[in-house]
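Here the structure is a predicted model, which is why all the values come from computation and not from measurement.
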Amino acid sequence: MNEPVAHRDFVRQIVEDDLRTGKWDGRIHTRFPPEPNGYLHIGHAKSICLNFGIAAEYGGKCNLRFDDTNPEKEDTEYVDSIMEDVRWLGFDWEDRLFYASDYFEQLYQWAETLIRLEKAYVCSLTLDEIRAGRGTPTEPGIASPWRSRTVDENLDLFRRMRAGEFPDGAHVLRAKIDMGHPHMLLRDPIMYRIRHAEHHRTGNQWCIYPTYDYAHGQSDSIEQITHSICTLEFENHRPLYDWYCQALGIHHPQQIEFNRLNLTYTMMSKRRLLELVKGNYVRGWDDPRIPTLRGLRRRGYTPEAIRAFCASVGVTKHNATMDMGVLENHIREDLNKRAERRMAVLDPVKVIITNYPEGQSEELPAVNNPEDAAAGTRSVPFSRELWIERDDFMVDPPKKFFRLAPGREVRLRWAYFITCTHIVQDSQGQVQEIHCTYDPATKGGDAPDGRKVKATLHWVSVPHAVTAEVRLYDHLFRTEDPDDVADPALDWKSNLNPNSLHTVSSAKLEPALGQAPQGARFQFERLGYFCVDADSTPERPVFNRTVTLKDQWAKEQVKS
RNA sequence: AACCCGGUAGUGUAAUGGUAACACAACAGAUUUUGGUUCUGUUUUUCCAGGUUCGAGUCCUGGCCGGGUUACCA
């Protein structure tokens, strides 16, 4: 398939312009800078694809850098999972793995430089006093009484802060900018705070930690980044990013902000995802219902599908919410070409072929993937008693129902035409058995006389069937926007879909599925794409439904 | 409220002063041993008002609407 002529998003346009004008001497260097305080989700995938993608497309490099300046929230557990997920997605930072904490000493020295330049000072106000002194958007802040400390005094205090002489919160280091600035972030922002906390990498070496604003641009600078690509909420921070680089007179990358990814029926907030996991609303960070990369992986998503999706979403400067259906289409498109077909019955009802000899069975060849001749064939056992899907039969079918009904003939995939002759119902009217006759001349599924049937059903031989657990997933939330709550007393959690997981405990599978290894992906014919779950064992196979197939009949039912 | 950013079919995007277009969705049809896939067709668009210009989705002014920020988080 030909790649469509990719139009350039505005970030790539900037990169191309810079290449053309020689702005960075033809060098392109980006970075993906996650904070190790949570698991990566599909929103991060967009950023990863953008940063690593641009580097690859323009002959540049992309670093992986952990933005670990807040010891209280960060952990190696997250570092490890992030590296694993970036690799799984298909990207390689080679030897360029960095940590903002690697730069603590340099950052500290630069802070002293700023103090000497009288562009930073130690402020001994409390948190509340600082907040109050900052003013409001409409009124200017008031200068801290400590704003005019001498260079020597500031240096002495700052060094003693580092040496651990003060408790948490006793002092902070602030940039001396402008307390009357209309941009609140520029009203003497905090550069360092005292935190007697153990850092996941530097241990107890430090008790003062730089803030994001003070650390990020300089980290980019140290790594000689050219384009510092981040999400829209950092737009406000760009003046500060620029201020530090200029004040220090160091390499000054260009910060460019793009829109983060939003998807319907789910949410990307790390804080909320953490709440779902800790509150046991889901089964962990890899729960197939949440949009973490691990969740999607367990759900059966391929890195290729996620990358294709990320390439298709817009990179712009305005907030947008992608339809979950677009993501689903990408995995369908990928798996349609790659996943072998199998037959599985999720809600079984028994069919008895009354003219097929009792005790007899035969092996019938079945095509593994009509989209890929190289996938070959397998054989499936056929016998007198079969399972078919309960909703593939109706006693009194409406006009547009093409499947099995009394007196009607349909095809069993790769097997025979069968005609329903009789049904057995229980006292509630529930169908117990469907009695059919088969036409031996239609073996393989073609009628020599050329007669047509309107439906082809999937089926599984009763004596050969493997019983499995199948987990059917639906949207995490029942509303497109989780925040769409009518009652102000309720929060987003009230929109959680109570039916996001439906477990089928005894689905009937064709025997070939019994040996499938964990992670293997299949299309269950006419149902959807499924993969073998991590909980699966040979004794008790467990499958996850990745996504359903498009379903014209389901649409038809919704209409009526 | 102040500051920053943004408004193009239902959704996401393109058009970089020169015929408003693409993908998905929706709808209709063809093909089909999956009501899948594939193919064909149809419907629906520049927030508003002025201005500049031969010509404005694009530039300017004013409004309206939406988002972000107002943490010793990132």
(request) Find the distance A:Glu389:CD to B:G35:C1' and express it as a whole number of Å. (result) 14 Å
(message) Taking pairing as Watson-Crick or G-U wobble with both contacts under 3.5 Å, can you name the mate of B:G66, or confirm there isn't one?
(response) B:C5
(request) Answer yes or no on whether A:Arg162 is positioned over the face of A:Tyr108, meaning its NZ or CZ is under 6.0 Å from the six-membered ring centre and within 45° of the axis. (result) yes
(request) Taking only the side-chain heavy atoms of A:Val326 (C-beta and beyond), determine which of B:A74, B:C24, B:C5 contains the nearest atom. (result) B:C24
(message) Applying a 4.0 Å non-hydrogen cut-off, can you work out what A:Pro370 is touching in the nucleic acid: base, sugar-phosphate, or nothing?
(response) base
(message) I want to verify a distance call: between B:G35, B:U34, B:A74, whose nearest atom is closest to the A:Leu549 side chain?
(response) B:U34
(message) Once you apply a heavy-atom cut-off of 4.0 Å, does A:Asp168 come out as touching a base, just sugar-phosphate, or nothing?
(response) nothing
(request) Searching all strands shown, indicate the nucleotide that pairs with B:U11 (Watson-Crick or G-U wobble; both distances under 3.5 Å). (result) B:A23
(request) Could you state the atom-to-atom distance from CG of A:Asn369 to C1' of B:U38 in whole Å? (result) 14 Å
(message) Quick test of your reading of the model: are A:Glu235 and A:Lys317 salt-bridged, counting only N-O distances below 4.0 Å?
(response) yes
(message) Both distances below 3.5 Å, Watson-Crick or wobble geometry, any strand: find the nucleotide opposite B:U38.
(response) B:A30
(request) Name the closest nucleotide to the A:Asn336 side chain, picking from B:U13, B:A74, B:U37. (result) B:U37
(request) May I ask you to decide if the ring planes of A:Tyr209 and A:His199 are parallel, tilted or perpendicular, using 30° and 60° as cut-offs? (result) parallel
(message) Taking the nucleotide of RNA chain B with the nearest heavy atom to each, does A:Pro182 or A:Leu232 sit closer to the 5' end?
(response) A:Pro182
(message) Side chain of A:Gln13, heavy atoms from C-beta onward: which of B:A15, B:G68, B:G36 has the nearest atom to it?
(response) B:A15
(request) Using a strict cut-off of less than 4.0 Å between a Lys/Arg side-chain nitrogen and an Asp/Glu carboxylate oxygen, indicate whether A:Arg342 and A:Glu525 qualify as a salt bridge. (result) no
(request) Just compare B:A1, B:G36, B:C73 and give me whichever is closest to any side-chain atom of A:Pro137. (result) B:A1
(message) Looking only at the side chain of A:Lys550 (C-beta and beyond, no hydrogens), which of the listed nucleotides B:G35, B:A74, B:A25 gets closest?
(response) B:A25
(request) Measure from the side chain of A:Phe401, starting at C-beta and using heavy atoms only, and say which of B:G35, B:C3, B:C5 lies closest. (result) B:G35
(request) For A:Asn262 and B:G66, give me the distance from atom CG to atom C1', rounded to whole Å. (result) 13 Å
(request) Determine: side-chain N/O of A:Lys555 to OP1/OP2 of B:A26, distance under 4.0 Å, yes or no. (result) yes
(request) Using Watson-Crick or G-U wobble geometry with both distances below 3.5 Å, tell me the partner of B:C59, or none. (result) B:G51
(message) Looking at A:Glu340 and A:Arg378, is any side-chain nitrogen of the basic one under 4.0 Å from a carboxylate oxygen of the acidic one?
(response) no
(message) If you assign each of A:Phe234 and A:Arg403 to its closest nucleotide in RNA chain B, which residue comes earlier from the 5' end?
(response) A:Arg403
(message) In this structure, how many angstroms lie between the P atom of B:A74 and the CZ atom of A:Phe66, rounded?
(response) 16 Å
(request) Identify which nucleotide among B:G67, B:C72, B:U13 has an atom closest to any side-chain atom of A:Asn319, counting heavy atoms from C-beta outward. (result) B:G67
(request) Identify the nucleotide, in any strand shown, that forms a Watson-Crick or G-U wobble pair with B:C72, with both distances under 3.5 Å; if there is none, say none. (result) none
